Amino acid sequence: MKDTLKALILSAAQKAHDAGALPNNGFPEVILETPKVQAHGDFSTNFALISASIQKLSPKRIAQAVVDHLDNTQQWIEKVEVAGPGFINFHLHPSAWHRVLEAVLTQGRRYGALNLGKGTRIQVEYVSSNPTGPLHVGHGRGAAVGDSVANILAFCGYDVQREYYVNDSGRQIETLGRSVYLRLKALSGSKDPFPPECYQGEYIRHLAREILDAKETLPAMAPEEAGVAFCARYAAKKITEGMRKDLERFGVIFDRWYSEQSLYDAGKVERTLSELTDKGVVYEKDGAWWFRTSAYGDEKDRVVIRKDGQPTYFASDIAYHRDKYERGFETVIDVWGADHHGYIPRMEAAVEAMGWSKARFKVILVQLVNLLRGGVPVAMSTRAGEFVTLGEVLDEVGKDAARFLFLARHHESPLDFDLELAKTQSNENPVYYVQYVHARISSILKKGQERGITEAAYSEEAASRLTAPEEVQLLKALSGYPEVIHMCAVHMEPHRIPFYLMDLAAFFHAYYNKHRVLSDDPVLTHARICLVLAVKEVIRNGLSLLGVSAPEKM
RNA sequence: GCGCCUGUAGCUCAGCUGGACAGAGCAACGGACUUCUAAUCCGUAGGCCGCAGGUUCGAGUCCUGCCAGGCGUACCA
C-alpha cells in the first residue's frame, strides 16, 4: 500500500515536471509516514519540503503541483490535501484497507515475515552466565532479549543459531570448586575458615551435601588439589544443569552449549594466540603477553597471558569468536549485560585483527534490572549470596508475565521489575491485556462454531462491509505490523512488539465493546469473523516472537 | 579524570533515526455488564521533553557545554 502510494507520488512529480510545473527532475526518495493526528490523514509525506531547495520553489507550490498531477484512477484515495508548511496528506477510502485482511488470512502465521536475511547465517549468543551460581533476574532479561531477537531474525529470513557460552574454565571455576570443597570439609567437622572471596550462597552448602549423600565423598576428600578439581567439575555441571532447566521453563532453548574448556582441550586458544603472535599483534612485555588492541581503536593494550602463565578470559574469548566465524556465521551477535560495555572495543579489535570486519560483530547491551516488591527494592547481593533467582521469579509470576515485562522496555533502559505488579492479574499488567484479546476472540469463534459458522475465508463482498471507524482502525493497525517487524529486525529491538500489541489490543477491546461480531446479518458476521480472525493471528504471531503464549481462554 | 547508558505527565515508559498543536499505560476523578469473557470500554484532568547555547524552513530527536543518576575504566570474568 505504501509502495504503491510512493510510486504514485513520484510519477505525479514526473508529470508535473513534464508539464513545466516543476523546474528540476531530481527527486528525493519519497518518505511516507503515518501521522499522529487523524486530521492529517492516513499517510503524509514531506516530499515537497525536502524538494524545496532543489526546485527553488516554496514547498507549498511544489506540493500543489504534485497533487495536481496525481493519478487517482483507482479511486482508493478519498482526499488529498496540502497542509501546514507543505505536507501532502492522503486520506484513503475505507476500502483501501480491506486487502490487508486478505494478506493476513492467506499468509497466516507468516504474515509480517520479511525476507531480510535471505538465509544468511547469524548467531546469537546470550545469557552465557558463569556456572558459579544460579541465574538471577538480570540474566532473565538478557535471556528474554536474546531469545526474542533470535526469534525475530529467524522470522525475517535469517538462519539463526542460539548459543550459550559456558565459562567452565579459569579462576572462577577454581573458586567455585574451592568453595564447595571447604563446605564439604566443614560438613565432616573441619574448622577451616571460609574465606570471603569464596561463594557464600546457600546453594554451595547444598552441593556439598549432595556430594556427601551421593557417597562421592571419597574422590572429593582426596588431597586438596584433586578434591577441589572434583568439586569444581561436579558443581559446575550441576549448576549448568540447573540453568538449563530454569531457561527451559522460561521458554529459552539453545541450539548449542559451547564449553570454554573445550577450546583449551582442542588447542584452539593456543593456536589462535600463536598465530596472532606471528602476525605481530601479540607481544611480550613485563613477563606477560599483550594483545595490541590499541592499534584497532581500544584505549590500551590488553593482557592475554598473565605473568603467571595463565591465559586471561579474553584469550579464550578471542579463540571463541574466531571459532564462530570459522563455523561460517556471517554475523555474530553477543548479548551482554551493560556492565560489560567496556569490553566491546577490545573484542572488536580482536575480530578485526583476525581479519574480519567488525561490522560482522554486534553487541546488544542489556541494562540491569532493579527488583522491587510492591515498590520497595529487594536487596540483591551476589557476594553475600542473597538474590532472587530466575527460578523463583518464574515460580512467582510465571513465564508469560516475566517475558513480556522484560521485553516491554527498550533494552538499554534500566528496568524496574516489580514482583507484585508482575503477578497481579489486572489491568495494571499489560500481558493479560494483550492475551485477553486472544482469549476473547477464541471465545467468539467457539461461539460462532456452535452456531454453525465455520467458513471464514476472505471474500471481497464480505470485507466491503467493514466500514465502521473501529473496523478501519483495526485494519490499519494490522497493516502496520510488517513495518514493526522490520524495525525490530533492523534495530534488533524487540520492545517495539509489546508496544504494538498493546495498541492493537486497545483497538480490539474498544471495538469489542461497541460492536457485536456474531449478528443476524450473515455477510456482516462473516466479515467480522474474518477481521477478528486476522487480529487473533497477529496477536498470536507477535506474542510468539516474544516467547509468550496466546491462551484460548483465560 | 576519561568512556558508555539514562534523564519526556505524580509513577512506569513510547516517540517510527529531523516533521505538523509531545503520546500510551498505571495511579486520580466521573460513567457503562439481562448481550460473543468487565482481566474490558467511554469520558475528565495532568507537560519549560534535565538546563543553556548552536545547526535547520522545523529539534524530544543532530552538535557543543553544563547538571543529576547508573555502569565501566584489572595481569577479574
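Since the structure is predicted, the reported quantities are computational estimates derived from the model, not experimental observations.
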Can you check whether A:P522's main-chain N or O pairs, donor with acceptor, with A:H526's side chain at less than 3.5 Å?
-> no
In terms of side-chain heavy atoms of A:H341, which of B:C71, B:A14, B:C75 is nearest?
-> B:C71
Below 3.5 Å, does any donor atom in the side chain of A:H340 face an acceptor in the base of B:G72, or the other way round?
-> no
Give the ring-plane orientation class for A:H321 versus A:F361, where under 30° counts as parallel, over 60° as perpendicular and anything between as tilted.
-> perpendicular
From the list B:A77, B:U40, B:C13, which nucleotide is the closest neighbour of the side chain of A:Y343?
-> B:A77
How would you label the contact of A:A510 with the nucleic acid (heavy atoms, under 4.0 Å): base, sugar-phosphate, or nothing?
-> sugar-phosphate
So, A:T525 side chain and A:S519 main chain: donor-acceptor pair closer than 3.5 Å or not?
-> yes
Is any side-chain N or O of A:S442 closer than 4.0 Å to OP1 or OP2 of B:C36?
-> no
Shortest non-hydrogen contact between A:V228 and A:R178, atoms and distance = CG1-N, 3.6 Å
Carboxylate-amine/guanidinium proximity below 4.0 Å for A:R171 and A:E174 = no
Below 3.5 Å between N/O atoms, which protein atoms pair up with nucleotides 32-35 of chain B? Just atom names and distances, please.
residue: B:U35; atom: O2'; partner: A:R516; partner atom: NH1; Å: 3.0

Just call it for A:D418: base, sugar-phosphate, or nothing, with non-hydrogen atoms closer than 4.0 Å on any strand.
-> nothing
Whole angstrom value for the distance that separates P of B:C42 from CZ of A:F507 | 10 Å
Nearest-angstrom distance from the residue atom CZ of A:F508 to P of B:C41 = 11 Å
Going 5' to 3' through nucleotides 15-22 of chain B, assign each nucleotide B (protein heavy atom under 4.0 Å from a base atom), S (under 4.0 Å only from sugar-phosphate atoms) or - (no protein heavy atom that close).
-> SBB-BBB-
For B:C76, does OP1 or OP2 lie under 4.0 Å from any side-chain N or O of A:R306?
-> yes
A:K285 NZ to B:A74 C1': how many Å, rounded?
-> 14 Å
Ranking A:N130 and A:A505 by the position along RNA chain B of their nearest nucleotide, the one closer to 5' is A:A505
Looking at every strand, decide which applies to A:K447 at a 4.0 Å heavy-atom threshold: base, sugar-phosphate, or nothing.
-> sugar-phosphate
Could you pick out which residue, A:D503 or A:E260, lies toward the 5' side of RNA chain B when each is mapped onto its nearest nucleotide?
-> A:D503
From the options B:A77, B:A39, B:C71, select the nucleotide whose nearest atom is closest to the side chain of A:L368.
-> B:C71
Looking at every strand, decide which applies to A:K553 at a 4.0 Å heavy-atom threshold: base, sugar-phosphate, or nothing.
-> base
